[in-house]
Amino acid sequence: MNQVTLEIPYEIPVDAHNPVEPFLRMDRMPHIWCPGCGIGTTVNCFTRALLDSKANLDKVAVVSGIGCTGRVAGYANLDSFHTTHGRALPFATGLKLANPELQVVVYSGDGDLFAIGGNHFIHAARRNMDLKVICVNNLTYAMTGGQTAPTTPDHVISATSPYGVFEPSFNLVALAEAAGASYVARWTTYHVKQLSRSMEEVLSKKGFCFIEVLSPCPTLYQRRNKMGDGLDAMKFYKQVSKIRHGAPTSECALTKSGEIVVGKFVDRDRPDYLELLRGQMTESLGDRYAEPEVSCSC
Amino acid sequence: MAKGFVAITVERCKGCGFCVEFCPTHVLALSSAFNSKGYHAPHVVAGEKCSGCDLCGMYCPDFAIFGARYAR
Amino acid sequence: MHADPKGVLTGVHFLDGDHACCEGTLAAGARFSAGYPITPSTEVVERFAWRIPTVGGIFIQMEDELAASIAIQGAVWGGAKAFTVTSGPGFSLMMEHIGYAAMTETPCVFVNVQRGGPSTGLPTLPAQADMMQARWGSHGDYAIIALCPNSPQECFDLTIQGFNLSEEFRVPVMMMLDECVGHMTEKVVIPEADQIEVTPRRYTKLPPEEFHLFEPREDLVPDMVKAGDGYRFHVTGLTHDERGYPSMNVETQDVQVRRLQDKLKPLANGRALCETENLDDAEVVVVSYGITSRVAQRAIQLARAQGIRAGKFRLISAWPFPEQRISDLAGRVKAFVVPEINLGQMVHEVARAAAGRAAVIPVSHAGGSVHNPDAILKAIVEAAR
């Protein structure tokens, strides 16, 4: 990559580098995301959260499904897994249980996590599996050309709803709370500081944590709906978002052009899967219970 | 003297304009020049105002810009 | 290396095939299983769920077979030896993840206790009609290993071997039981741990800066790492280069997909697992596998009693298919008789290998029970005529 910079009226220190670069596989840049897509912005927030959390990056794994956001795993310079469509969560479940010292982050899109992977989402949340889920919600299936997703709002035009969506959509934060998530927040790609802080917060929280990030898709969502480009989406987020920490998630449903309630909605402590497992086995088996040593040298 | 600076990797830019729009001190503008992919990358128009806050870096979806404070 | 004694239930037992298979997984070093209930295979993981908390491992019942078949692969990349178990419709649901395991070269074991199909079919009754699905069920070109035990003892022994082959070649291995073998109870002898050979994972000795996750060794199989060890590796189901990076071009596809097939070639012939009897003078060879091989044994005895020179060729590794062995036989026998509890699957492989040099006679059965030995005998008699 050419490090060409335009003429600037001051000196840049020679050792200056973009703080995201150590977290990314820079030999894979440029990435595949469209101009004005917000996925890269969420990645910035994630890398800064990792930096601020002082996590041991050798012990952080990223698991993605399929789709535009599914490509995050391929760009993260961590142990990273690009799995099958919808199955990032069960893959991550196996990874975490085999190697509990790993911090396992599931980074995927709304179609992947909530349509084809919806069943896995509610069960991983129910079990309070110690996974951090970052869902980039662009309200559509972007990789495949802008089809209707379970998150696409009413009246939106999509490739498979040419006359407008009429199916009710999911309210992801309400779904996550109802299924048992320990932590539920929503931000948009406009809220970079808050998003980064939320991500940092979940990196030190046990249990199933869910962060929804609304993100522009100018190419496949907005174009069909005359909603402008990525920057227009960002301005829209700025204009209509209301920060309401602790808001009842049932009141946080999204519409095509209405208010976007953002904030941290749920932050509760529930024993996670491994704690529950250990508790039950100890109660039933006493000294006969052997601590899992799933990962072996053989 | 500016407190900070921004560094731009022009060839990585896709011209979304997030950095220009959300720079709190209005340091940037989109250039009229094209990069090799045909995008208008940002350039610095008011460098002396840069606080090095790196908000541009947090917004940039293409990892093409970042800001930092000068070491004092 | 030897088996970890914690998982080895040394002694003489009276077990059904499903339970013996479970003991095989434990002896082989499996400490993680994810499953979803389905007849007639659930007993494998029921026993695992009962045994594993005192051995030191985890069983998790997932929400469906899709989840179970990918959770085990997450566990493998976390450092575990892992398996899942299913039957019928569940095996169909697992197909995508068999392809993922093949593409990402994830060593893992899928136990399929076959029942009658298609669809819900005959949940409690046997069939052998998933043999082609085991080989070809996921989309694209790839190769797998499939083993067919015919007794509870073999369910134990071959499950260990299945894990070992899976580690050696970094492929998913299918344990192709059938309802009869799974639910048949017989004596099972489990040896001392130091009598059981276990293949360790091929972990690399290279440091991260020199290591490429999909760079093959001389045997065409790449070495492995696990998450958390500082290698910062990437695994994808997309076509990928030696670094594991997606690479969407004809050249990479050609190199990768050919290697996924070629790495199993040593198993197809020299190391093919089969059991043979009376082949030296045979004019008719009965090719069978799984429960059907035990019925075939009776038919061969009856034929011999009538003076017909019948021989036995039992496929233990159905995939890779022992093509050369069958081809060699085809030059000197009159006919192959191929009984199987399906309407004709492995018989096509036999015919392909025989290439017209010997007659190939299927003895089909639509499923729900085993053959009557007389049906196989009749085919042998006709073939010998």
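Residue numbers begin at 1 in each chain, while the letters A, B, ... track the order of the sequences.
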Task: Leading residue by heavy atom contact count with chain C [cutoff under 4.5 Å; candidates A/Met281, A/Arg28, A/Lys59] - done: A/Arg28
Open item on the list: Measuring from atom NE2 of A/His82 to atom OG1 of C/Thr236, what distance do you get when rounded to the nearest 0.5 angstrom?
Closed with: 4.5 Å
Task: When A/Asn99, A/Thr84, A/Val60 are compared by non-hydrogen pairs under 4.5 Å with chain C, the top option - done: A/Thr84
Open item on the list: Atom CZ of residue position C/Phe214 - does it have more than 12 heavy atoms of other residues, nucleotides or ligands inside 6.0 Å?
Closed with: yes
Open item on the list: How close do A/Ser80 and C/His234 get, counting heavy atoms only, and between which atoms?
Closed with: OG-ND1, 2.9 Å
TODO: Please indicate whether C/Tyr36 has more than 12 foreign heavy atoms, meaning atoms of other residues, nucleotides or ligands, lying under 6.0 Å from its OH.
DONE: no
Task: Structural part of A/Asp27 lying under 4.5 Å from a heavy atom of chain C - done: side chain
Task: Which atoms of C/Ala67 approach chain A - backbone, side chain, both or neither, heavy atom under 4.5 Å - done: both
Task: Side-chain heavy-atom pair C/Asp64, A/His120 within 4.5 angstrom cut-off - done: yes
Open item on the list: Heavy-atom pairs under 4.5 Å with chain A: which of C/Ile60, C/Val76, C/Asp4 has the most?
Closed with: C/Ile60
Open item on the list: How close do A/Asp79 and C/Ala227 get, counting heavy atoms only, and between which atoms?
Closed with: OD2-CA, 3.2 Å
TODO: Any chance you could lay out the ring pair (Phe, Tyr, Trp, His ring centres under 6.0 Å) test for C/Phe233 and A/Phe81, step after step, and finish with the verdict?
DONE: CA-CA 8 Å; C/Phe233 60 88; A/Phe81 301 92; 5.5 Å; yes
Open item on the list: Out of A/Thr93, A/Asn119, A/Leu285, return the one with the most heavy atom pairs under 4.5 angstrom to chain C.
Closed with: A/Asn119
TODO: For atom CD of C/Gln195, decide whether the heavy atoms of other residues, nucleotides or ligands shown that lie under 6.0 angstrom number more than 12.
DONE: yes
Task: Check against side-chain contact (heavy atoms from CB on, under 4.5 Å), A/Leu97 and C/Phe32 - done: CA-CA 8 Å; A/Leu97 293 180; C/Phe32 184 89; 3.8 Å; yes
TODO: Side chain from CB out, backbone as N, CA, C, O: work out which of these in A/Leu277 comes under 4.5 Å of a heavy atom of chain C, or both, or neither.
DONE: side chain
Open item on the list: Please find the pair of heavy atoms, one from C/Ala80 and one from A/Ala98, that lie closest to each other, and give the distance.
Closed with: CB-CB, 4.1 Å
Open item on the list: Is there a side-chain contact between A/Ser295 and C/Lys226 in this structure, where contact means two heavy atoms from C-beta onward sitting under 4.5 Å apart?
Closed with: yes
- [ ] Anything under 30° is parallel, anything over 60° is perpendicular, the rest tilted; go ahead and classify A/Phe91 against C/Tyr100.
- [x] perpendicular
TODO: Side chain from CB out, backbone as N, CA, C, O: work out which of these in C/Phe163 comes under 4.5 Å of a heavy atom of chain A, or both, or neither.
DONE: neither
TODO: With a 4.5 angstrom heavy-atom cut-off, could you sort out which part of A/Leu57 is near chain C: side chain, backbone, both or neither?
DONE: both
Open item on the list: Can you confirm if the NZ or CZ of A/Arg25 lies within 45° of the ring axis of C/Tyr245 and under 6.0 Å from the centre of its six-membered ring?
Closed with: no
- [ ] Examine whether an atom of C/Ile58 lies under 4.5 Å from a heavy atom of chain A, and if so say whether it belongs to the side chain, the backbone or both; otherwise answer neither.
- [x] both
Open item on the list: Using heavy-atom distances under 4.5 Å, tell me whether A/Leu102 contacts chain C through its side chain, its backbone, both, or neither.
Closed with: side chain
Task: A/Ala73 portion near chain C, given a 4.5 angstrom heavy-atom threshold - done: both
- [ ] Let me know if A/Arg126 has heavy atoms under 4.5 Å from chain C in its side chain, its backbone, both or neither.
- [x] neither
TODO: Determine the option with the most heavy-atom pairs under 4.5 angstrom with chain A, choosing from C/Arg232, C/His97, C/Met62, C/Arg243.
DONE: C/Arg232
Open item on the list: Report which part of A/Arg288 has an atom under 4.5 Å of a heavy atom belonging to chain C: side chain, backbone, both, or neither.
Closed with: both
- [ ] Indicate yes or no: does C/Glu63 engage A/Arg127 in a salt bridge with an N to O separation below 4.0 Å.
- [x] yes
